[in-house]
Amino acid sequence: MKQAGEKFTCLTAYDFTFAHVLDGCGVEVLLVGDSLGMVIQGQPTTVPVTVDDMIYHTKAVSRGNRNALIITDMPFLSHTSPAEALNNAGRIMREGAHIVKLEGGAYLVETVQELSKFGIPVCAHLGLQPQSVHKLGGYKIQGRSEDDAEKMLEEAKLLQEAGADLMLLECVPADLAEKITKILHIPVIGIGAGPHCDGQVLVLHDVLGITADIKPRFVKNFMQGQESIQAAIQAYVKAVKNGDYPSEEHSF
Ligand code: KIV
């Protein structure tokens, strides 16, 4: 799809029923995100989420899915060494994930190489990394300064070279995300990263307008004007594919 210039869609899925609905609406990628800590469990951040939590939800999503690619997040401190990452990623892959997603930069090169070596596809996650929210001091846009942008671009190249199969950019200025998307040959999924990424992802509950918390600028409620959840999801898919979403008002 990247080579053909066709945008693809991704939404978070945490359970059997929604996985079935999203897959049926043509969403190509389902993300069992550790955002489930906040969205499903009511935790203040993603930090308390465990590998067992991710496995529980991956199993449910896998049962509801037929066609979509399933990405599962490696939660906080589940990949502090290549050996630990391999063990935890292996447990997650056995339960139905097709790719594991790891938040982190160049320090993960060895880990990505290790997972790749053993046949585990990896989605690298750059930009805002919510598992590091306490270190970052909040949910802030990343890569705004020239130095930070250059560093992110270099890290993206290193992670691709290490074997990453997919890249996710979260809360990154649109022009930087565009540059990274053009330079990498692997597909780039954006969230709050402007319209030029190869694919887009949002948290399902944000798309349906039922999120309890403050909504970030890049979020759009696709339920507005729709009569069913399926119609809202189809509107999201259509808007991403034809380039209507994200627009400038949803980008940084
Ligand atoms: O956990 C998650 O849902 C994510 C998305 C916000 C990209 O990582």
Side-chain angles (χ1 to χ4, degrees), residues 8-15 18-19 22 27-51 53-58 60-61 68-79 88-89 92 97-105 108 122-133 136 138-143 152 156 159 164 166-172 177 180-181 187-194 197-208 210-220 236 240 245-246 250-252:
F8 63 90
T9 53
C10 176
L11 284 172
T12 60
Y14 313 113
D15 65 33
F18 271 116
L22 301 183
V27 176
E28 286 100 349
V29 185
L30 305 182
L31 171 62
V32 187
D34 61 354
S35 52
L36 66 85
M38 295 152 96
V39 178
I40 304 297
Q41 300 174 340
Q43 308 271 16
T45 67
T46 58
V47 170
V49 177
T50 64
V51 173
D53 291 335
M54 298 314 297
I55 286 176
Y56 174 89
H57 289 278
T58 299
V61 166
L69 186 80
I70 299 175
I71 306 177
T72 295
D73 263 329
M74 299 279 291
F76 183 62
L77 297 189
S78 64
H79 50 284
N88 285 324
I92 289 169
H98 302 128
I99 301 193
V100 291
K101 178 161 79 61
L102 278 69
E103 291 182 16
L108 287 178
V122 173
C123 175
H125 181 148
L126 290 175
L128 175 63
Q129 292 159 32
Q131 290 169 16
S132 306
V133 62
L136 294 170
Y139 297 101
K140 299 173 185 167
I141 315 304
Q142 304 295 309
M152 203 185 297
L159 290 163
L166 207 53
M167 176 70 58
L168 188 143
L169 298 178
E170 179 164 354
C171 291
V172 170
I180 294 174
T181 304
V188 176
I189 309 179
I191 176 164
C197 299
D198 302 305
Q200 297 290 333
V201 58
L202 281 175
V203 169
L204 174 65
H205 295 57
D206 289 343
V207 166
L208 299 180
I210 52 170
T211 308
D213 240 334
I214 306 154
K215 285 164 207 67
R217 173 192 166 124
F218 56 81
V219 163
K220 181 169 175 185
Y236 166 71
V240 170
Y245 177 82
H250 304 113
S251 307
F252 301 106

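Counting starts at 1 for both ligands and their atoms, following the listed order. As a basis for the values below, the full set of heavy atoms in this structure was taken, side chains included, without hydrogen atoms, waters or symmetry mates.
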Close N/O pairs between ligand 1 and protein, under 3.5 Å:
{"residue": "ligand 1", "atom": "1 (O)", "partner": "Asp34", "partner atom": "N", "Å": "3.1"}
{"residue": "ligand 1", "atom": "1 (O)", "partner": "Asp34", "partner atom": "OD1", "Å": "3.0"}
{"residue": "ligand 1", "atom": "1 (O)", "partner": "Ser35", "partner atom": "N", "Å": "3.0"}
{"residue": "ligand 1", "atom": "1 (O)", "partner": "Ser35", "partner atom": "OG", "Å": "3.3"}
{"residue": "ligand 1", "atom": "1 (O)", "partner": "Asp73", "partner atom": "OD2", "Å": "3.1"}
{"residue": "ligand 1", "atom": "3 (O)", "partner": "Ser35", "partner atom": "OG", "Å": "2.6"}
{"residue": "ligand 1", "atom": "8 (O)", "partner": "Lys101", "partner atom": "NZ", "Å": "2.8"}

Separation between CG (Leu169) and OG1 (Thr181), nearest 0.5 Å, reads 6.0 Å

_Within the supplied structure, the quantity of interest is the number of heavy atoms (other residues, nucleotides, ligands) at a distance under 6.0 Å from Tyr139 OH; does it exceed 12?_
yes

When you measure from the side chain of His98 to the backbone N and O of Ile70, does any donor-acceptor pair fall under 3.5 Å? yes

Exercise. Do the side-chain N and O atoms of Asp53 and Gln41 include a donor-acceptor pair separated by under 3.5 angstrom?
Worked result: yes

Hits for salt bridge (charged side-chain N to carboxylate O under 4.0 Å, His left out) against Glu170, two or more places apart or cross-chain, chain-then-number order -> none

dist Gln43:CD -> Leu36:CG (nearest 0.5 Å) comes out at 9.5 Å

